[in-house]
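Before anything else, here's the structure in question.
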Amino acid sequence: MSEFELLEPGAPFGGPSAGGAPGEGGGDPLLDGLNPAQERAVVSRGPALLIVAGAGSGKTRVLTHRIAHLIRNKEAWPSQILAITFTNKAAAEMRERIEGLLGDGAQGMWISTFHSACVRILRREAERFGYVSGFTIYDSADSRALLKRIIKELDADTYGFTPANAGSKISKLKNELSDADDYAATMNENDPRDRLFVEIFKMYEQELRRANAFDFDDLIGQTVQLFRAHPDVAAVYQRRFRHILVDEYQDTNHAQYSLIRELTRAVAPEEVDRLMPPARERELDASGGIPPASLTVVGDSDQSIYAFRGADIRNIVEFERDFRGAEVVKLEQNYRSTQNILSAANAVIGNNFDRQEKNLWTAEGDGAKIVGFTGYSQHDEARFVAEEIEDLHRAGTAYGDIAVFYRTNSQTRALEELLIRSAIPYRVLGGTKFYERAEIKDAMAYLTSIANPYDPIAWSRLLGAPKRGVGPMAEAHLANFQEAQGISFHEAMLRADEVGALGPKLRGTARQLAELLTRAARMAVGGGATDDSAEEAQPAPVGDVLKLILDETEMIEKLRAKRDPQDDARAENLEELIAVAREFDAKQPGAGLLAFLTEVSLVAAADDLDDTSGTVSLMTMHTAKGLEFKAVFITGVEEGLLPHQMSVDEVGGISEERRLMYVGITRAREQLYLTLASTRATFGDISVAMPSRFLQEIPEGLIDWRQSPGEVTGRGGTESRALNAPRGSSSGYGAGGPRSRGRIDSSVSFGSSGSRGGSGAAAVSEPASGNMQSALEKWRERKRQAKAAQAAGGGFPNMIGGAARDNGDLELASGDRIRHDEYGEGRVTSVTGVGSKRIAHVVFDAVGERKLLVKLAPISKVD
DNA sequence: TTGGCTGCATTTTTT
DNA sequence: ATGCAGCCAA
């Protein structure tokens, strides 16, 4: 491949810097404006370097400048650089910044994620170990689909196995580079569950191989195995990459660590002799081997938040012991946040006992105080967030500079609802990703199957989408035939006539489908030219292949023909997919179907951040890592949520949650909001939420409570103080500045007729002190208002009323007269259910009998 | 075989 | 509350 040609010119290897003495300032533009620690991190040379980079300490700058410095000084060729990041987004940004420093000089560098780098290697070397270069990459949904079949076949569900738990167990093992045999060797022989798991694991591996597919974890693990089993293959990369740089090193797992180890191994003299092309004199050390690559890792153990998926914090903690002669540079000066924000971050993280001391500081000022707010419910909390965002926006902060973080994806609902209502443009990062949508997966299944006609998951999926009368029975017959003949699924369908059990109609359908896939496959590789002319045979653009599939299957038309408005959205998503493919074709002409599939498989949540301009960003705190915003809201700062309930019994769980909180806090440049709710609905039931312990770890002077937890629970006293609520010296509700607090309550009834807007605004416009008395008073006032709102009736039934409306303690009994916004008046015949699930059976005068959820229905009592 | 209905589990974070 | 899975009827 062409990358290797870049090795040609004689390059000095890790030797004394050939040119311009670094470090002497000397107006080197790459060192201008760096602080001493940063400069050291750029110019240091040696076998290994650990850059301990606190949040916001300019590590990307250091990393990019270090690479540019190596190139500029002719210490390395671009092709000898391997830079590994965690997300594609980070990789793209790094490449961009290096190009900014070097121009075209960045050509030929490998700047990618662990996963992309491994795919690249595996595709090139796949044949060596029984795979084909066109292998499919299974995402977790695909893995689960496969596991589901296996568990069913083994009847393992009766032992409590689910695709999810078996999958995560397998994933954990693979991250440790263990296989089924390793597990079998250490398991309890007498435990049937263990033995069954080994069965599942083995069958899973076998099926993956048969499908010519890798799962996510394999990408790393198999690359390591490849290097270990084939030293000559490893030597190619060990020789090639002279400088390896790894970002977010604290989040590497054992497999990734091993990969780095393999890549930074010296090449033994006897391997050198087998190298193609022959090694050059200057590449060799005294023994006749090739010396190990230099390794630079950047990380911050305080930001390690992926232990749950195998990240091993020891990788960074023990780096110095691991890589002899390693130098350590600490970056502690923060260039991102105000001192108040940093103090809060330091205070929180300081409660983790087993950490290296590190203190972020900034030369900038204290900045604004952190704002705290406690809502009565998650809707109340969300409303506060929405209103603050409006205020920020009015005051000149762009929407794109604002982010809202949360612990779990399910928290987006309430937030989205209020943002929509407030007409605030926003986007949700992560969560249900574009490529996880059913219709997109359907369409992608065709492309996957074209690239890999042995993939049963893709094939099975495309059979049923769109519906064409092929059910489980027909699928099983075809699959059996496929397996018995050892042919691809496409061939099996092409020869459907030989499958006795199939009716004539199904045979026809199968053949037709096979012909379409074959035609598309021929298009994808290049017009089906003969071997000799293969070079001229141009592979068709991915967009054209996709278009052919969608046209022939009429997937879009069929969706449009349905009545459900959701299906219109699905059709649009498919149009969007075509656009995505076309864009890919334009950006990487001739890259081909396989490259497109790879890219799609490896896009991460944070990757589609690119076009964040003009919208508020919503994301989990995990997704937020590596990003920064002028204003940040951290929501749901409650016990059970942050720290999450699931983490409390796990060893080290709380510490990890604390680091997550730390990551969240340190994303903010100027303004930080911490919000929570005193009650939260989970599974439809409402439960009381306690403020997070992390709140108490923040010095009280740093937080300006707009509404403290004490005020909201009504049990003010103790909690107020514990939670730094302003005692007496309240900066309470409404005293916060030139804003009209009234909006908070008026928006409760947003969407209903404006008839009671006035009273709502009046009710809370008076400043209140943070004591219990007034908190209670306010709470009562709120209730009164809510009642008044109901009594007023009227309003728009279609507004997202459910959330804002909460009839709460509305008591109904058989015989009561009520008024419904839509149905008019009626009489209650009975009330069933309890609590929030009470249902009123009502006979309406106009429309007859209806069943209504008392809590949420737009109803009120008529006296 | 499909589509609709009912019942149930769901909520930790992701390359 | 919602979405998915499994069951049943057409």
Side-chain angles (χ1 to χ4, degrees), chain A residues 84-91 112-119 137-141 143 148 152 157 162-164 167-168 171 174-175 214-221 248 251-253 255-256 304-311 405-414 417 429-433 436 438 463-464 466-475 503 505-506 509 562 564 566 601-607 619-625 636 640-648 650 653 656-657 659-661 663-664 680-687 802-803 836-837 853 855-856:
Chain A
I84 295 178
T85 61
F86 222 56
T87 65
N88 295 300
K89 158 93 179 144
S112 70
T113 62
F114 272 106
H115 295 266
S116 320
C118 286
V119 170
I137 300 166
Y138 275 7
D139 64 18
S140 22
S143 295
K148 195 175 162 189
K152 202 171 196 177
D157 49 341
T162 64
S168 76
S171 174
K174 286 193 177 185
N175 284 334
F214 289 117
D215 66 20
F216 267 141
D217 304 310
D218 283 337
L219 297 179
I220 316 287
E248 307 282 15
D251 283 327
T252 50
N253 61 32
Q256 290 162 334
S304 161
I305 53 174
Y306 283 109
F308 72 92
R309 77 169 191 221
F405 300 160
Y406 36 82
R407 177 67 233 272
T408 70
N409 280 306
S410 63
Q411 287 169 257
T412 50
R413 275 182 203 289
E417 211 169 80
L429 306 189
T432 321
K433 280 165 269 174
E436 283 171 9
L463 269 188
K467 303 270 185 252
R468 47 168 71 83
V470 183
M473 283 298 275
E475 177 182 336
K505 199 165 165 197
L506 280 170
T509 316
K562 292 208 194 174
D564 193 340
Q566 289 238 311
S601 305
L602 298 180
V603 287
D607 291 342
M619 68 192 88
T620 66
M621 272 176 278
H622 283 90
T623 306
K625 195 172 69 159
L641 203 51
L642 184 64
H644 195 277
Q645 193 55 45
M646 291 288 130
S647 70
V648 265
E650 281 166 27
E656 176 138 328
E657 297 287 306
R659 291 193 291 269
L660 195 54
M661 180 79 185
V663 167
R680 190 167 290 273
T682 45
F683 307 141
D685 284 325
I686 293 170
S687 53
S836 61
K837 289 173 179 161
L853 201 56
K855 184 173 154 59
L856 296 177

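We use all heavy atoms of the structure for the numbers below, so side chains are in, but hydrogens, waters and symmetry mates are not.
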message = Taking the minimum atom-to-atom distance to the side chain of A:E657, which one of B:dT1, B:dT12, B:dT11 wins?
response =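 Nearest listed nucleotide: B:dT12.
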message = Across nucleotides 4-10 of chain C, 5' to 3', mark each nucleotide with B, S or - according to how protein heavy atoms within less than 4.0 Å reach it.
response = -------
task = Write down the distance between CG (A:L429) and P (B:dT14), rounded to a whole number of angstrom.
result =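 A:L429 atom CG is separated from B:dT14 atom P by 11 Å.
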task = Using atom CZ of A:F216 as one end and atom C1' of B:dT13 as the other, report the distance to the nearest whole Å.
result =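 Result: 15 Å.
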query = C:dC4 and B:dT13: how far apart are their P atoms, nearest whole angstrom?
reply =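 Here C:dC4 and B:dT13 have their P atoms 16 Å from each other.
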message = Does a side-chain N or O of A:T620 approach OP1 or OP2 of B:dT14 to a distance below 4.0 Å, or not?
response =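 For A:T620, the contact criterion (side-chain N or O under 4.0 Å from OP1 or OP2 of B:dT14) is met.
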query = OP1 or OP2 of B:dT12 sitting under 4.0 Å from any side-chain N/O of A:H644?
reply =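 True: A:H644 side-chain N/O within range (under 4.0 Å) of B:dT12 OP1/OP2.
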key: Side-chain (A:R407) to main-chain (A:L642) donor-acceptor, under 3.5 angstrom   =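 No, the answer is negative, given that no donor and acceptor are paired below the 3.5 Å cut-off.
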task = State whether the distance check finds a donor on one side and an acceptor on the other, under 3.5 Å, for side chain A:H115 versus base B:dT15.
result =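 Pair found.
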inquiry  = Measuring only between side-chain heavy atoms, which start at C-beta, is A:F405 closer than 4.5 Å to A:T620?
reply    =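 No. Closest side-chain heavy atoms not under 4.5 Å.
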key: Nearest listed nucleotide, side chain of A:S140, among B:dT13, B:dT12, B:dT15   =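 Closest nucleotide among those given: B:dT15.
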key: Polar contact flag, side-chain donor to acceptor under 3.5 angstrom, A:S143-A:S140   =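 No, A:S140 and A:S143 have no side-chain donor paired with an acceptor closer than 3.5 Å.
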ask   = What's the closest nucleotide to the A:R413 side chain, out of C:dT2, B:dT14, B:dT12?
value =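 The listed nucleotide nearest to A:R413's side chain is C:dT2.
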key: Heavy-atom check, side chain of A:I84 versus side chain of A:Q256, under 4.5 Å   =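 Result no, sub-4.5 Å side-chain heavy-atom pair not found.
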ask   = Could you state the CD-C1' distance from A:E248 to B:dT14, rounded to the nearest angstrom?
value =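 Roughly 14 Å, once rounded to whole Å.
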request  = Kindly state whether the pair A:Y306 / B:dT13 counts as stacked, where counting means centroids closer than 5.5 Å and planes tilted less than 30° apart.
outcome  =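 Here A:Y306 fails the 5.5 Å or the 30° condition.
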key: Sub-4.5 Å side-chain heavy-atom contact between A:Y406 and A:L641   =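 Sidechains of A:L641 and A:Y406: no contact.
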ask   = Under 3.5 Å, is there a donor-acceptor pair linking the side chains of A:S171 and A:S168?
value =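 No, no side-chain donor-acceptor pair sits under 3.5 Å.
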request  = In whole angstrom, give the distance that lies between atom CG of A:L660 and atom C1' of B:dT14.
outcome  =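 These atoms are roughly 12 Å apart.
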message = Using atom C1' in both nucleotides, what's the gap between B:dT12 and C:dA5 to the nearest angstrom?
response =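 About 23 Å, rounded to a whole number of Å.
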Using nucleotides 4-6 of chain B, report all nitrogen or oxygen pairs with the protein that are shorter than 3.5 Å.
none

request  = May I ask you to decide if A:T85's main-chain N or O and A:S112's side chain share a donor-acceptor pair within less than 3.5 Å?
outcome  =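 Absent.
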query = B:dT13 P sits how many Å from A:N253 CG, rounded?
reply =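 In whole Å, B:dT13 P lies 19 Å from A:N253 CG.
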inquiry  = Measuring to OP1 and OP2 of B:dT13, would you say a side-chain N or O of A:N409 lies under 4.0 angstrom away?
reply    =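 Yes, A:N409 has a side-chain N/O under 4.0 Å of OP1/OP2 on B:dT13.
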request  = Figure out the CD/C1' separation between A:Q411 and B:dT11, and round it to whole Å.
outcome  =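 In whole Å, B:dT11 C1' lies 10 Å from A:Q411 CD.
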request  = Assert yes or no for the condition that the ring centre distance of A:H115 to A:F86 is strictly below 6.0 Å.
outcome  =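 Here the rings of A:F86 and A:H115 have centres that are no less than 6.0 Å from each other.
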query = Rounded to the nearest Å, what distance is computed from the CE atom of residue A:M619 to the P atom of nucleotide B:dT14?
reply =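 Atom CE in A:M619 sits about 11 Å away from atom P in B:dT14.
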request  = Check for a donor-acceptor pair, side chain of A:N175 on one end and backbone N or O of A:R309 on the other, with a separation under 3.5 Å.
outcome  =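 Yes.
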inquiry  = If you only use heavy atoms from C-beta on, which nucleotide in B:dT14, B:dT1, B:dT12 is closest to the side chain of A:R407?
reply    =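 Nearest to the side-chain atoms of A:R407, counting from C-beta on, is B:dT12.
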message = What is the distance, to the nearest angstrom, from the CZ atom on A:F86 to the C1' atom on B:dT13?
response =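 Going from CZ in A:F86 over to C1' in B:dT13 covers 12 Å.
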request  = Work out which heavy atom in A:I220 is nearest to a heavy atom in A:F114; give both atom names and the distance.
outcome  =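 What the structure gives for the nearest pair is CD1-CB, 3.7 Å.
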inquiry  = Within the 4.5 Å heavy-atom criterion, are A:E656 and A:H644 side-chain neighbours or not?
reply    =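 No, side chains not in contact.
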ask   = On DNA chain B, nearest-nucleotide positions of A:E475 versus A:S171: which is more 5'?
value =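 Mapping each residue to its closest nucleotide by heavy atoms, the 5'-most match is A:E475.
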ask   = Relative to the 5' end of DNA chain B, which residue comes earlier, A:E656 or A:K467, by the nucleotide with the nearest heavy atom?
value =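 Result: A:K467.
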